[in-house]
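Some notes on the structure that comes next.
Order of appearance sets the numbers: ligands from 1, and atoms from 1 within every ligand. What you see is a predicted model, and the numbers here were worked out from it, not measured in a lab.
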Amino acid sequence: MSRDLSLHPCFNRSSSGSCGRVHLPVAPRCNIQCGYCNRKYDCVNESRPGVTSAVLGPEAAVRYMEAVLEREPRITVAGIAGPGDPMATPDETLTTLRLLKERFPQLLFCLSSNGLALPAHAEALAEVGVTHCTVTINAVDPAVAAPIYTWARDGKVIYRGRHAAEVLIERQLESIRRLKALGLVVKANTIVIPGINDRHVAEVARAVAALGADLHNLIPLHPTAGTPLEGLTEPSRAVMHELREACGAILPQMTHCRRCRADAVGLLGNDLSGEMSGCLQSLARASLSGVPRRPNVAVASMEGLLVNMHLGECHKLQIWGERDGAYVMLEERYTPEPGSPERWAQLAAMLTDCRALLVSALGQNPRKALEASGLAVHEVSGYIPTALDGVYGRADLNGMAAKRKKGAVCCGGGDGGGC
Ligand code: SF4
Ligand code: SF4
């Protein structure tokens, strides 16, 4: 079935009054860490922070799409934009798109990505009917990009600093090149970060234009609490106007982006997400039915990538779980203040939904208290998803046993409860 590519309200302003879009939250994980992103929220590269999505499985996404079209038949586009990066969980993303294409061949399909894992799946995306793609690219010079990204994970390799920036930029440019060669409509998003890339965005526009990108969307940084860039100021309207003027001479600019909610649905000027949220939440809950008691795992981690903290040092634990076959960090929980003899019993009471605790080390007292509550305690070190494979029975945890350094002690003020 041939589809009219002009009926995308974001890529074509003239259709925004008559055509709508829906964001389907089926992508919970991410493979990079942007300095402006707080994972409690959605991917800032496409939607504004502060709105947490439910996560749907592929079949639930199809059922939700049915409900959405019944309510608003003017929806022409189904998009996958988060809450993480769609290409960090390519199986879920591609399965969702395949099911959607079978059931709704008339729709346009759209995807937003940071680009790291996209080149490997560009052909597959075209095959499952993706017509419009957005690649976020904040810089084309690794020196500019390096302060923006903490790390990038490519398969089992983790890059940091300048290396992360180099790999990411190369993949982002390659993503655009491949998507254009496959005939997709491509938009580049650039988050404008004062003092970091605001003088560099025209260079980004030139690079992506040379690869055939169709549209450029400059998005002002929205400083988000709990991120390395939280102290920066959002660029003013005047600055954004000036930058769009300059970049507009190179590449058409999107000026009507609404920084939509991650569960945005409806026409750009008539959001129905409030009305549809009950349906979205109940389908998300249904996707999770059959989840066993104690489905989650508590993790002591400094940065959310590795199990690398002594329990006594931890002011907060991350709670990880499985969603649609992928591991996702669900929330962070502050541990009880040191000093109370009840500290470990209190902690046990806070972790009744967790089957295991992953820490690099802990003392005998907390171990006893936590194990008595039914929690399996593992002293391990290394990559969190690998350790989770061990907890969920998909790998052997023994190989990750933390090596205790001779004389190592907790430096977390372990005065609380005899840690
Ligand atoms: Fe966050 Fe999106 Fe960046 Fe991933 S790509 S770290 S979800 S803003
Ligand atoms: Fe369109 Fe911008 Fe909303 Fe994405 S965030 S759906 S590009 S208006």
Distance in Å, Thr131 OG1 paired with Leu108 CG, rounded so as to fall on 0.5 Å steps: 4.5 Å
Given Asn31, which partner from the list Asp154, Asn114, Thr89 fulfils the side chain to side chain donor-acceptor pair (under 3.5 Å) test? Asn114
Work out whether the distance between some heavy atom of Ile32 and some atom of ligand 1 is less than 4.0 Å. yes
Enumerate donor-acceptor pairs with a distance under 3.5 Å from any side-chain N or O in residues 244-254 to protein atoms, sequence neighbours excluded.
unit_1: Arg244; atom_1: NH2; unit_2: Leu218; atom_2: O; d: 2.7
unit_1: Gln253; atom_1: NE2; unit_2: His216; atom_2: ND1; d: 3.4
unit_1: Gln253; atom_1: NE2; unit_2: Leu251; atom_2: O; d: 3.1

May I ask you to list the atoms of ligand 2 that are less than 4.0 angstrom from any heavy atom of [X]?
X      : answer
Cys10  : 1 (Fe), 6 (S), 7 (S), 8 (S)
Lys187 : 7 (S)
His23  : 4 (Fe), 6 (S)
Arg258 : 2 (Fe), 8 (S)
Arg21  : 6 (S)

If the cut-off is 4.0 Å to any non-hydrogen atom of Asn114, which atoms of ligand 1 fall inside it? 5 (S)
Regarding Cys257, does it place an N, O or S atom less than 2.8 Å from atom 2 (Fe) of ligand 2? yes
Whether over 12 other heavy atoms sit under 6.0 Å from Glu303 CD: yes
Ligand 1 contact on Cys30 by region, counting heavy-atom pairs under 4.0 Å: side chain
Please verify the inter-ring angle class for His132 with Phe11; under 30° counts as parallel, over 60° as perpendicular, anything in between as tilted. perpendicular
Among Leu100, Leu24, Leu99, the one residue meeting side chain to side chain contact (heavy atoms under 4.5 Å, CB included) with Pro58: Leu99
Does any non-hydrogen side-chain atom of Glu174 lie less than 4.5 Å from one of Leu118? no
